[in-house]
Peer 1: 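What follows is a structure written as structure tokens; I'll ask about it next.
Residue numbers start from 1 in every chain, and the chains themselves are labelled A, B, ... in the order their sequence lines are given, proteins ahead of strands.
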Amino acid sequence: MAASQDSLVDRLRAEFAAVADQLPNTTVRDSRSAAVERLAAAGLPTNRDENWRYANLRALSRSRFAPIATHQPIAAPDLPAALDGFERYVFVDGQFAAGLSATPSGNVGPGIAANSPTDMDTPAAREARFALISDAFAVDGLCVHITAADSAATGASIRRIEVLFVATADATIGSSYPRLSVRLEANTRVHLIERHVSVGAAASMVNSVIDVSLDRDARLDHVRLQQLGARTTLVDTLDARLASNTHYQLHCIAYGAAAARSTLRVALQGDRSRVELTSGCLASGTQTLDTYAVVDHAAPGATTRELFRGIASGRSRIAFNGKMVVRQNARDADSVQMLKGLLAGSEAEIDIRPQLEIYTDAVKAAHGATTGKLDDAMLFYLLSRGIERDIAQSLLKWAFIEDALLGIRPEALRRQLERELSRQFQDIAALDGLLGDVK
Amino acid sequence: MSALLEVKDLVVTVGPRKILNGLSLSIDAGSVHAIMGPNGSGKSTLGYALAGRPGYEITGGSVLYRGEDLLALPAEERARAGLFLGFQYPVEIPGVNNVYLLKAAINAARKAKGLPEVDAFEFLQLVRAKMKLMQMDEAFLSRGVNEGFSGGEKKRNEILQMLVLEPTLAVLDETDSGLDIDALKVVARGVNTLRSEHRAVLLITHYQRLLDHIVPDHVHVLARGRIVKSGDRSLALELERRGYDWVLEAA
Ligand SMILES: Nc1ncnc2c1ncn2[C@@H]1O[C@H](COP(=O)(O)OP(=O)(O)OP(=O)(O)O)[C@@H](O)[C@H]1O
Ligand SMILES: [Mg+2]
């Protein structure tokens, strides 16, 4: 609704004016107000925008945009178990929590990297408009800048980093702005775990902005887990740029939040760059999990492997819009999209759309997209062995989603995740006892 | 004593078609029955109807199992009450490990009996012993259910499940087809170990050969949706020699 969008922008401006002076990071103050102005000019997306049809943005109208000034104290036991060999950085409601973090030195630390102002006229920038709110209000962020010298100094060929973004406060108190900027210089390698969790049951507003830049021959293994509380709203923007011969493994698993929208953009700017995007979404109740992923082949010989698995139960909705652009100079592009949805509730909805925009001939592009229900013959086979219906269904769902989990490393994280996911299925304990024995 | 299974005038409709049309059959505990009959006569339909497969609508007749109305139970409860269907075409379930299925099935049966979940060690020992009996490699445990199994391997897997679940009434739908000569013996041995005075087996088969290894007490011919002839094992031999025409003409 145009009227309410206008009023949102007005409110955003007013809130910014009220807090601008108190915001830390004076270095970016100028770009903060510039961001507000750009947003005022461009407006916020609504469900009438083609790529935002499924996003559930209702919580915006009751959210305060200003950052959360103070938050409830939380303790380490409230957080997921730490992972062996990983540095940990914890942010609570957008503020760095040194006491909860285990942070060695190096070119990793809290701070906000100023984003270079984007030209609002490009379609990519228009899809990333929510990032401007973060540009205006974000308090803390994690900057990961790995140089070749840096990785030589630490002696480790792979830097392992976990960043935990915790939401605790209600949206009426303020928004939480997770920010992460990753820059890998030539030939460096990082294994990054990015988790979004809630502590407590608040209906939080989380607006995250992730920026990834890989110089030639760099490799980033990036696991993103969206495990926010059941009343939280997430708007998420990830932008990645890949130089020559880079390898970006991006693994997104989402099952939290009442409503989550992820806008992902991966630009394959260097020849022979490669992205593997694996995404798994599990929605139940009235959750909405919406992903818009653009992979832009802008150089020769680049490769995309995209796999999506989504299970919608109850009255939930899952959308995955996977757009593949192959520009004229991106000859010998090789892209595969395998997108599958499973409708596990009679009132659930899944919308999966692969989109190809190809401007050159020398391309290998395969894509498959299917949405189906649990297979009746399989279900009957399991029932005929006496297995309870709930468990039979869960086993089948598990089998369906497993493709999206297999590649997650470290193993310890995958197991943690499998345990938590099995709890998402109704039969919790029973399935818990089943899994894990074999592997 | 009343029969373990009492099927009376059963009518089963699949979609618009009546497949079984007044089928009656009585099976006592301790006995082995064989059902033979032409392709498409409704043998698998009988198995599915007994097991409770959706889409196989019971439009007439009754089925008593241990004196109770079997048709009132959903499929999973029939299984827990001791009914087992060995599928003619076992279903492949990629991504669900064989061992998950076995464990879930055992635990469901135990839960129904008020027993705690099976101990992980005992479970593996039990499964290993049964696999040995079926001459199956343990590697099958960690594969997806029937996924990529050969025809014969699938049938062995059905019998493995049966042995693990120890049903009271096993309905084995063409478990012998697709088996090599040695496998046939292995499967027959598996079935024979289960025979007891408390249990019964209903074998659906096209071949007399299986009946050399698992000797039936009764042999029936199913045609046109009902049992048209019953006899002892000599009937199977006669059918093998003469085919079905003479039975159908007489019926
Ligand atoms: N789902 C279905 N839809 C339509 N027809 C069906 C369906 N299931 C069974 N039938 C029909 O019912 C008849 C009996 O099938 P059924 O599988 O019971 O035969 P059968 O005796 O087991 O045959 P075979 O010896 O070949 O295994 C067949 O004509 C079959 O085509
Ligand atoms: Mg059949």
Peer 1: With chain A as the partner chain, list the residues of residues 48-71 of chain B whose heavy atoms fall under 4.5 Å from it, by residue number, and write 'none' if nothing qualifies.
Peer 2: Y48(B), A51(B), G52(B), R53(B), P54(B)
Peer 1: Between F320(A) and L289(A), does the side chain to side chain contact (heavy atoms under 4.5 Å, CB included) criterion hold? Intermediate values first, please.
Peer 2: CA-CA 8 Å; F320(A) 186 90; L289(A) 302 180; over 6 Å; no
Peer 1: Report the C-alpha distance between R128(B) and E138(B) in whole Å, list the side-chain angles of each, state the deciding distance to 0.1 Å, and finish with yes or no for salt bridge (charged side-chain N to carboxylate O under 4.0 Å, His left out).
Peer 2: CA-CA 7 Å; R128(B) 287 204 176 111; E138(B) 273 181 36; 3.0 Å; yes
Peer 1: Who wins among M378(A), R389(A), R385(A) for the most heavy-atom pairs under 4.5 Å with chain B?
Peer 2: R385(A)
Peer 1: Compute whether any side-chain donor of one residue and acceptor of the other, for Y381(A) and N146(B), lie under 3.5 angstrom apart.
Peer 2: yes
Peer 1: Using heavy-atom distances under 4.5 Å, tell me whether E77(B) contacts chain A through its side chain, its backbone, both, or neither.
Peer 2: neither
Peer 1: Any ring pair (Phe, Tyr, Trp, His ring centres under 6.0 Å) involving residues 144-168 of chain B? Give me the pairs, sequence neighbours left out, ordered by first then second residue.
Peer 2: F140(B)-F149(B)
Peer 1: Less than 3.5 Å apart, any donor N or O on the side chain of Y54(A) or E349(A) sitting next to an acceptor on the other?
Peer 2: no
Peer 1: Heavy-atom distances under 4.5 Å only: say whether A109(B) touches chain A with side chain, backbone, both or neither.
Peer 2: neither
Peer 1: Which bit of P90(B) comes within less than 4.5 Å of chain A, counting heavy atoms only: side chain, backbone, both or neither?
Peer 2: both
Peer 1: Are E158(B) and K154(B) close enough for a salt bridge, meaning some N to O gap below 4.0 Å?
Peer 2: no
Peer 1: How about Q355(A) and H367(A): does a side-chain donor come under 3.5 Å of a side-chain acceptor?
Peer 2: no
Peer 1: Compare all side-chain heavy atoms of S262(A) with those of R224(A) and state whether any distance is below 4.5 angstrom.
Peer 2: yes
Peer 1: So which of P167(B), A108(B), A81(B) has the biggest tally of heavy-atom pairs under 4.5 Å with chain A?
Peer 2: A108(B)
